[in-house]
Amino acid sequence: MSNVNYGLRLESSGDSVSAEPRLREVSDRSPVSPSSSVQDLTPYEAVTSQAAIRAKPDGETVFKLDWNESTVPASPKVREAIAAHIAGDRGLNWYPQLGSEELIEALTDYTGLSSENLLVTNGSDDALHLICDTFLEPGDHVVAPAPTYNHFITFAQSCGADIDKPVGESPFDKSLDAIRDALRPSTRILYLVSPNNPTGVIYPPEDVDALCRSNPETLVLLDEAYYEFAQETGIDLVEKHPNIVVTRTFSKAFGLAGLRVGYLSGHPELVDALSRIYNPKSVNTLGQVGAKAALEDLEYLNKYLEEVEAAKDVMADFLDGTSADYHMTPANFVVVRVSQLQETLTELEERGIYVRDRSDYPGLDNCLRMTIGTVDQTQKVIERMSSVF
Ligand SMILES: *Cc1c(COP(=O)(O)O)cnc(C)c1O
């Protein structure tokens, strides 16, 4: 292999621009290197089935069950609101509403909190990133019980944090003892996902309350990306403790993953601290309009939540009749342990079913994670799965 990449450059020759791009040699090394905390990072492993699905012939039904997205389109009201906005005379040429003011207003109703407790972000990943950037310094101690959502780990690492990942006896139990053992008075952030991805573990509000109380100088970061499915929340604790931040998203139950809207809630002083590096125009106009419309159609949300609950029973009945070991979660996914994981994944893909390999997570050897959608979709998925399981 040669040591050069060929960058395409359109060169002008004389006064006419040549139609043929000329190739220029560009060195494959750059003298500009990333910061020391970034240098050792391994990129977030973003394995998605999107390319494989796009390559499929049109009209072939596939089931994208690998990223826990909603399996149905967003509420028609979302699409109407976005279309109306685009057609309006402020279309897209203005910057978005700064700080997502109107969406914040809608979120005060949805969460029961006041606007000074809330910040809207570009997906909840952006909230996690902002929290790390605001509160972490190189060498700071962070506790994140494993297995967990890896994107947070990347953000904390990029700030140079020293991350402890305590493991409990079973990945499907809340590992409170292991967490308490790992915590130190100087721990800067304790990251809890509830329900946890990929295990579905829930940290009930009374446990989170106790952790906030016993570790007053630690920021308890409660990631509730799947809150709507489980309906169990610690968000009220932000009015009780000045050391908790709760993050949520429109990407999962609301079906707006493509719009990138999430939010965080915390004590007003924490929100103030986060506002220092927060970019008030980071949430795009269509995201704000779409998320607000989604909150105005909770009936649609609730119908989808009911579908997923019913579909989980259908999937559990099916799995009960197979030799696979499984763990149904309170979120919108199930963890399934099979004997021959790679073969199973291949066979599922051949049948148009895309799931996520989670076998390299602690305690999850030979496990895959599968999103649960509607009852009708689940019945179709089961028809295809029955020759594999
Ligand atoms: C999907 C997911 C997120 C990311 O959500 P976005 O709002 O789309 O950035 C955050 N946390 C967990 C645990 C998730 O599973």
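The basis for the numbers below is simple: all heavy atoms, side chains too, and nothing from hydrogens, waters or symmetry mates. Residues take their numbers from the sequence shown, with the count starting at 1. First listed ligand is number 1; within each ligand, the first listed atom is number 1.
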Check each N or O atom of ligand 1 against all protein N or O atoms and list the pairs under 3.5 Å, with atom names and distances to 0.1 Å, one per line.
unit_1, atom_1, unit_2, atom_2, d
ligand 1, 5 (O), S124, OG, 3.1
ligand 1, 7 (O), S124, N, 2.6
ligand 1, 7 (O), S124, OG, 3.0
ligand 1, 7 (O), T249, OG1, 2.5
ligand 1, 7 (O), S251, OG, 3.3
ligand 1, 8 (O), S251, OG, 2.6
ligand 1, 8 (O), R260, NH1, 2.8
ligand 1, 8 (O), R260, NH2, 3.3
ligand 1, 9 (O), S124, N, 3.2
ligand 1, 9 (O), D125, N, 2.9
ligand 1, 9 (O), R260, NH2, 2.8
ligand 1, 11 (N), D223, OD1, 3.3
ligand 1, 11 (N), D223, OD2, 2.7
ligand 1, 15 (O), N197, ND2, 2.9
ligand 1, 15 (O), Y226, OH, 2.7
ligand 1, 15 (O), K252, NZ, 3.0

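Atom NZ of K292 and atom CG of L295 lie 9.5 Å apart (nearest 0.5 Å).
No side-chain N or O of N366 forms a donor-acceptor pair with one of S359 less than 3.5 Å apart.
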Residues S275, D272; criterion side chain to side chain donor-acceptor pair (under 3.5 Å); working and verdict: CA-CA 5 Å; S275 301; D272 269 358; 4.9 Å; no
Checking side chain to side chain donor-acceptor pair (under 3.5 Å) for the pair R180/S214: CA distance, chi angles, key distance, verdict? CA-CA 9 Å; R180 284 194 209 98; S214 57; 5.9 Å; no
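Checked against the 6.0 Å centroid criterion, the rings of Y110 and F254 qualify as a close aromatic pair.
Counting only residues at least two apart or on different chains, the side chain to side chain donor-acceptor pair (under 3.5 Å) pairs with a member in residues 278-290 are S100-Q288.
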